[in-house]
Amino acid sequence: MIQPDPIACQIADLFSKRNIKKKYPVTVRSDNPAFKRSGNSFDFKNIREYQVNDDLKKIDWKLYGRTERYYIKEFFEEETLPIYIAVDRSASMNLFASKSSMQRFIVSICYMLLKLNFTITILSFDTNIKATLKNLKGVEKLAEISKFIEKISFEGKTDILKSLKNIIMEFRPSILLVFSDFFDSPTSINKINLFKKLFFFHFFTPINTIFNTFGDYEVEDEEIKKIILVPFDNMAADELNKKQSMFLEALSEKGKKSLNKHYFRFTSETIDENLKEVYWHFLELLYG
Amino acid sequence: MADFFILLTILIVPIVILLYIRQTKRKKVSFSFLFFRDYEKRRFRQILIKFFQLFYDVIFDIIIALLIAILLSGIFGNFMQSRKNAVVFDGSYSMTNNTQDGVTVLEKGIQYYFANKDKFGKHDIFLVAFDIHKVKTRLFKINSIKEMQNPAVIYKYLTSKYFFYEYSYEYLKKSKLKNYNKVFLITDFFPYRVTDENKIIPVEIGQSLEDFFYPAGIIDDLLSQKSTIYFIKSPSINNPEVEIYDKNKKFIKIDEGIDIQNLSNNFFTISTQHKSLLKVKSRLKTFYINLASDPVGLSASGAYSQILFELLNQGLDLTKQKKALLERGFFFKEDQVPFILLVDDLSREELSDIVKNYNDIGYISNRYKQKFTRDSVIPEDILKNNPQIKDIDKNPKIILLTLFIDNFNIKSEQNDTLNADNLSITENKILAIMDPSLTAGYIIPTIDISKILAKQFSKTSIYNSLLYEKKFLTNEYFYPLFFPITFLKSPTTIIFYSMMIRELLSESINLNEKSPIQACSFNQLAENENDILSFDFNYIKAFETNKKYIKLENNIFEKVKPLEINKTSLLYQYGDKFIGINIDIDEFIHYKKDSIFSFSKTENTGLIWLAALMLVYLLKIISYIIFEFKKKKNKV
């Protein structure tokens, strides 16, 4: 089982002890159609006549006194905000060298959210949604999550755009965290802009980690199982670096543009550094 | 060739090593193609990689290596062989003829070789002979005969193994012999262009006593539907047999319809209306003449103009040449010599020498001798009448023209005393100018014909040759006649031509489109193989310098099969067509000297290319080495 980062635990604890009013609204939200289940909150929903199978406790006796008929008062269910977590499971994720750190990071984030009483739905995608783990609530569900993450085998092609569209169509998430390397076609990278309320966690593998010296390289793309030869020299290095910076700009700039969109980038070397700030920053952003 | 392969191997080794290093050091990584899509799209590179599994620049390297190897092998080959001499035995048919001593010319040559073996220095031995299967001249290396001693045995060995027929001198010039320091050609052939006297070791090998006869030309008379074949022969040759190729695909001897006329001891003609393949056979020689071909086929070619050139330039012992020329059907009566040579690019002294020698063999009258020799004065009337002569007087290096003078008519009805001596060159008397660069072949390098045409000879009838450009064809008296170069280079055919002219003049026939003499131009040759085949082989030979026709010729000869093989002729069949290859009349000249012929050195523009390529090649390797050293330091 993947253990969450102890720092994440501490930060989650700290956050849970903050002034409850300042918390992100965890009470019932009547305007939101996603929360229209009947429940035990104080938010009034409806009054209806007593049915046979209803609980006797729920009968409104005051109304009975006035009308001599049995009525039942319904309230909205008290529910926390559901958060959706999408994990990229395409083959290109294998490029990220410290995979265990990556997994631990995801688990840590999940832990923090569970700790802060969020409902989590975790799903994996490549060209489309592959596996889902719905409506997890409470820290005890962490084991399930870590099992889910452990089980993910990185293979197949990526289609981030399609996957995200489908996730939004299906779940209508108010908050979506995307864990991916974003190695997809440039067009889909540019179109990610369309989505709002997203958190991007970018597990990035820079080119220079692979091409460290000049020479000939046989580059294989595991997603499409093709090999090309790249004579890597100064010119090629310039060209590739240019492309890489353009790619990163496309992602991060769009993250900045929208208030609801946030972008975190990790490389295999930096993933273990400054995690404290990252967690804190993430939670701050989450709570607005 | 071996040099080339060795060099190529040496040059390719570093490339292969570099490749090996690159191949082994190539790293296999996996990464998303997000940044490499351009590499994937580079299709040309991809194709190359697919085919060669290498980088495109390797091919570039190999091409450079190939070029360097080609250039180097040429240069090294020259360098290596230039220290050697070559002894080349003439493999022509005439070498197998008996000499006065009872042995063949070739045996004499072999004897001569063994007697002078040491004098040749370090050398290779070659035989230049005819390859019957490839229908072309080939150079055979016969170093093995160095070990043998008996000339008769060697003779037997050589004649049994190789086909003694004829060879192309042009081929010899272009062959690998040019790489040798000196080339000794042991031949019965007249010495070619003996330019450097220091190298010459002239030794007479002997003289053949064989009789000869050979075709000189054909005239088709369209009116009488008759073709007349002119033959030149030695006096003792009797009338030959004539066979005709009939429908049964056999040669059949015929007498009807064949008219054989002895014009003189040296000349006879065969006239016939049969338009078919003729086989003219005598005791000694057989010739195939295809009258089915259209238009006129002229079978004769030869090196007489070469002989004339040598005579004129060398001033050698002329009596033998004269005898030889007489033997070959040259007539030395003054009124039968239709041309005068005025040579440009020669000094007055040289000119006078030429005229002197020329006169010795009866080519030129004293009158013309006077014009050009120092000790005599050019007659005033000539100077007055002909501004051309004035120019000659002012500038000795001026003109070369071949003039046909109307009084040379052999059948002169007026009187026999009329000869060139009585002539004065005036504008009106000049009837024809032949393009000197063709008729005299080597003698005339260039001439500004347009000047002469425009001024001096405005009323002259000009029989033009092929090399005239159309811009000169403005003169109303201009009658273009087209002949193959080989035809016009040959004095025998010049004789033939002069006969034609004579006939024309005596019968006052104007040359026009309806002329009975057909003009044939090889411009008219279609590129169709069959059209080519309708011409005589000699016509094809005329295109030797033209690559296109060489290719065509090769195509033709790849498909032919030898039908009949005689000592002096070969008959090939190609579909329904026949190609008869008769021994070139070059082979009938028997000047028994071995000679060295030198080749002009080829300009070494190749060296510059070589240097450039070497530089590229070196840079490539050096840059790679530097790159390898720096590689470790260079991190992106």
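Order of the sequence lines sets the chain letters (A, B, ...), proteins ahead of strands, with each chain counted from 1. Since the model is a prediction, treat every value here as computed from it, not as a measurement.
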Counting heavy atoms not belonging to [X], are there more than 12 under 6.0 Å from its [atom1]?
X: M1(A); atom1: CE; answer: yes
X: K99(A); atom1: NZ; answer: yes
X: E269(A); atom1: CD; answer: no

Under 4.5 Å from any heavy atom of chain B, what part of [X] do you find: side chain, backbone, both or neither?
X: D184(A); value: backbone
X: Q244(A); value: both
X: T158(A); value: neither

Exercise. Give, for atom OG of S32(B) and atom CD1 of I224(A), the distance between the pair rounded to the nearest 0.5 Å.
Key: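 S32(B) OG to I224(A) CD1: 7.5 Å, rounded to 0.5 Å.
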
Quiz item: In terms of ring plane angle, is the pair F211(A) and F31(B) parallel, tilted or perpendicular, where the classes change at 30° and 60°?
Solution: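 Tilted, since the angle between the ring planes falls between 30° and 60°.
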
Exercise. For F33(B) and E220(A), work out which heavy atoms get closest and say how close.
Key: CE1-C, 4.1 Å

